[in-house]
Amino acid sequence: MQIETETTSDATIINPSGDVDLSVSRELQAAVKKVMEEKPQRVIVNLAGVPYMDSSGVATLVEAMQIARKQETRLVLCGMQDKVRSIFEIARLDKVFTIVDDAGAAASA
Amino acid sequence: MQIETETTSDATIINPSGDVDLSVSRELQAAVKKVMEEKPQRVIVNLAGVPYMDSSGVATLVEAMQIARKQETRLVLCGMQDKVRSIFEIARLDKVFTIVDDAGAAASA
Amino acid sequence: MSEAATSNTTELPPPFESLGQPEMRLELLSQPRYLCGGRSMVESVALRLGFDELNAGQIALAVDEALAIVIRHGYDKATDRRIWMSLWPAEPTTGKEGIHIAIEDEAKQVDPAGIKSRDVSEVRPGGLGVYLIEQIMDAARYEQRDPIGMRLMMTKFAKKNPSNDKH
Amino acid sequence: MSEAATSNTTELPPPFESLGQPEMRLELLSQPRYLCGGRSMVESVALRLGFDELNAGQIALAVDEALAIVIRHGYDKATDRRIWMSLWPAEPTTGKEGIHIAIEDEAKQVDPAGIKSRDVSEVRPGGLGVYLIEQIMDAARYEQRDPIGMRLMMTKFAKKNPSNDKH
Ligand SMILES: Nc1ncnc2c1ncn2[C@@H]1O[C@H](COP(=O)(O)OP(=O)(O)O)[C@@H](O)[C@H]1O
Ligand SMILES: Nc1ncnc2c1ncn2[C@@H]1O[C@H](COP(=O)(O)OP(=O)(O)O)[C@@H](O)[C@H]1O
């Protein structure tokens with residue numbers, strides 16, 4: 001997995017690419033934590049490059065949401081592929097996260 | 001695997017979809033033979049829906065080429081994905097077949 | 001007693017011993033880097049056994065979660081232990097398109113009744129693995145192996161039968 | 001003799017017995033419908049072991065061809081026989097990123113020297129399997145198993161070393 005992070009004036013965007021499973025979820029966790037420490041107004045996790053995610057990846061994002069809420073960072077997920085959306089739906093987290101189609105929509109969601 | 005066949009005024013187009021390996025290459029072989037029996041001027045095998053092919057699929061197409069040559073049918077392959085192109089290249093068949101990008105180009109190749 | 005015999009023959013997932021030699025059996029080291037191999041194998045075989053892409057992908061997720069639970073809980077993240085995954089098409093035993101999957105380990109034995117999915121309406125990280133397995137599969141059962149280790153038996157059918165009861 | 005000893009330690013693929021227990025081992029029925037499971041597993045593991053997508057896909061092709069050869073030639077298309085595929089990362093034995101793969105059967109034994117790739121400039125259907133395996137893998141060797149069956153050992157490295165000789 002590779003994780004690229006970009007910062008715009010309004011948001012920090014995290015772009016992981018590759019399957020997110022138990023073997024790499026800690027890398028995502030570390031990247032998210034590092035971004036959150038800056039206390040940005042808005043963090044966008046763009047999942048367009050993630051064909052697969054298991055519960056270890058989901059746990060990382062739930063953790064991110066908990067940090068975000070505490071420090072009033074707005075956390076938005078975007079670019080979800082069907083298989084990844086399916087795990088959020090089964091775990092009933094699709095209504096808990098703010099999930100939008102693409103990075104454009106995520107900038108204002 | 002599914003195989004759809006369409007006939008236009010100029011050509012018969014065979015559209016297989018799915019991996020072509022030993023478990024399904026006979027279906028492709030049967031579809032190709034049936035089309036060849038009509039002795040059409042031009043047969044286009046559109047591989048756009050084939051993410052993977054092994055040597056049993058390649059053998060079926062080589063056989064088709066041999067039939068085509070005997071009866072002066074023009075055989076054109078198109079829509080090859082990278083992985084499928086790679087087996088034709090390794091087997092040095094990429095120069096033996098007429099291979100074009102898409103069905104449009106195949107109509108006049 | 002004859003009632004028990006009848007319900008035994010329709011038990012889901014079927015008893016491990018009743019299924020005979022698996023059509024595929026994978027042994028893997030307890031390393032997270034090999035999870036991808038287990039789930040890809042199951043996903044592509046599920047497609048061949050009649051599942052659509054969404055359901056084949058979900059079966060792969062259930063398998064990934066089951067293997068990850070063994071690595072994290074059964075083996076406490078030790079990377080030198082062994083896990084086995086066995087596959088059978090469901091058709092010969094049930095008459096329906098589908099798949100039976102067994103995940104086996106040699107870890108410490110725990111009470112199967114204690115392996116339960118949690119209430120997911122409480123949003124917190126973790127604890128989703130067993131829940132996902134139960135949601136995705138039509139039937140799942142943890143049991144103790146003889147003489148050591150745990151086994152998870154799972155069954156999923158390619159298409160839900162309009163009538164739930166065939167009898 | 002010391003020369004032989006040296007060349008033995010650098011033999012490619014390494015002797016099966018020298019590799020120890022495989023990190024993944026798949027047993028499958030000799031049915032074409034299970035080829036997809038074997039090749040998907042290898043493809044995704046190869047990606048994790050450092051191969052790029054094109055090379056991981058080609059390794060999957062080599063494995064598919066090797067399994068298909070066992071089904072067609074070793075088992076004469078019988079669908080009730082067993083095939084084994086074993087995987088090891090190449091790093092521990094060679095110091096380089098890559099993969100060792102063994103494909104084993106219980107078929108009639110043939111002379112390994114007779115299993116050769118043909119001249120592909122002669123265009124005809126069939127006879128490409130062994131050629132593809134040899135082209136794709138960095139090293140491939142057929143051998144007789146003890147006491148029955150054949151074994152194909154294969155090695156491929158993720159990146160070619162600029163210098164071929166490390167010694
Ligand atoms: N083979 C096993 N050995 C020991 N415990 C197991 C085994 N399988 C499952 N469990 C138990 O099942 C639960 C699995 O947890 P899970 O739903 O994946 O959430 P998490 O691992 O994130 O806490 C754990 O509480 C664990 O104790
Ligand atoms: N396990 C095996 N048992 C018997 N013969 C084998 C085995 N593996 C390979 N062979 C031989 O190797 C060749 C493999 O053929 P291949 O290159 O795939 O072309 P094709 O099968 O299309 O003729 C055959 O000639 C076969 O006799």
Side-chain angles (χ1 to χ4, degrees), chain B residues 1-2 16-33 36 43 45 47 49-70 73 75-77 80-99, chain D residues 28-40 42-44 46-47 51-77 79 83 117-137 140 156:
Chain B
M1 191 178 61
Q2 297 195 322
S17 62
D19 287 2
V20 181
D21 68 6
L22 187 60
S23 68
V24 297
S25 54
R26 288 184 148 235
E27 289 173 46
L28 180 60
Q29 188 185 39
V32 169
K33 280 204 166 147
M36 286 293 179
V43 169
V45 183
L47 297 170
V50 177
Y52 176 84
M53 183 179 285
D54 73 7
S55 74
S56 69
V58 171
T60 298
L61 295 175
V62 170
E63 211 183 4
M65 183 173 60
Q66 292 176 332
I67 300 171
R69 278 183 185 169
K70 266 185 213 140
T73 292
L75 176 69
V76 182
L77 310 184
M80 265 189 205
Q81 299 185 27
D82 286 351
K83 276 190 202 169
V84 174
R85 183 176 293 273
S86 143
I87 184 173
F88 278 83
E89 284 169 3
I90 302 172
R92 301 204 208 134
L93 290 166
D94 52 325
K95 301 285 176 257
V96 174
F97 283 94
T98 304
I99 302 175
Chain D
L28 67 154
L29 262 191
S30 56
Q31 300 185 356
R33 66 175 171 175
Y34 293 129
L35 292 175
C36 61
R39 66 175 184 262
S40 310
V42 167
E43 184 165 1
S44 62
L47 284 170
F51 291 91
D52 60 23
E53 283 198 25
L54 186 70
N55 280 290
Q58 292 191 351
I59 295 169
L61 176 60
V63 160
D64 176 307
E65 297 292 341
L67 296 172
I69 287 173
V70 174
I71 292 175
R72 279 181 295 141
H73 296 287
Y75 290 145
D76 265 325
K77 301 186 188 164
T79 57
I83 311 174
S117 68
R118 68 169 174 87
D119 177 7
V120 297
S121 68
E122 179 206 340
V123 176
R124 60 173 173 83
L128 283 176
V130 174
Y131 176 80
L132 289 167
I133 292 167
E134 288 182 354
Q135 290 295 309
I136 289 167
M137 304 306 287
K156 187 175 175 74

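These numbers were taken from a predicted model, which means no experiment stands behind them. Because only heavy atoms are used, hydrogens play no part in the values below, and waters and symmetry mates are left out as well, while side chains stay in. Here is the naming used below: chain letters follow the sequence lines, and residue numbers restart at 1 for every chain.
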Closest non-hydrogen atom pair, [X] against [Y]:
X: D:P125; Y: B:A59; result: CB-O, 3.5 Å
X: B:S55; Y: D:L128; result: CB-CB, 3.9 Å
X: B:I90; Y: D:Q135; result: CG2-CB, 3.5 Å
X: B:Q66; Y: D:R124; result: NE2-CA, 3.7 Å

If we define contacts as heavy-atom pairs under 4.5 Å, which of D:L54, D:I71, D:V123 has the most with chain B? D:V123
Of D:Q58, D:Q31, D:E53, the largest count of non-hydrogen pairs under 4.5 angstrom with chain B goes to D:Q58
Examine whether an atom of [X] lies under 4.5 Å from a heavy atom of chain D, and if so say whether it belongs to the side chain, the backbone or both; otherwise answer neither.
X: B:E63; value: both
X: B:L61; value: neither
X: B:V24; value: neither
X: B:M53; value: backbone

Distance (rounded to the nearest 0.5 Å) between B:S86 OG and D:I136 CD1: 6.5 Å
Please answer whether the main-chain N or O of B:D54 pairs with a side-chain N or O of D:E65 as donor and acceptor at a distance below 3.5 Å.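 Checked: no pair found.
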Which bit of D:E134 comes within less than 4.5 Å of chain B, counting heavy atoms only: side chain, backbone, both or neither?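 Neither part, no heavy atoms under 4.5 Å.
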Side chain, backbone, both or neither: which part of D:R72 has an atom under 4.5 Å from a heavy atom of chain B?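 Contact with chain B is through the side chain of D:R72 alone.
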Do other residues, nucleotides or ligands put more than 12 heavy atoms under 6.0 Å from the CZ atom of D:R118?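 Yes, the 6.0 Å shell around CZ holds more than 12 heavy atoms from other groups.
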B:R92 CZ: over 12 foreign heavy atoms closer than 6.0 Å: no
Counting heavy-atom pairs under 4.5 Å with chain D, which one of B:D19, B:L93, B:I87, B:V96 comes out on top? B:I87
B:L22 and side-chain contact (heavy atoms from CB on, under 4.5 Å): which partner among D:L67, D:L35, D:D64?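 Answer to the side-chain contact (heavy atoms from CB on, under 4.5 Å) test with B:L22 among D:L67, D:L35, D:D64: D:L35.
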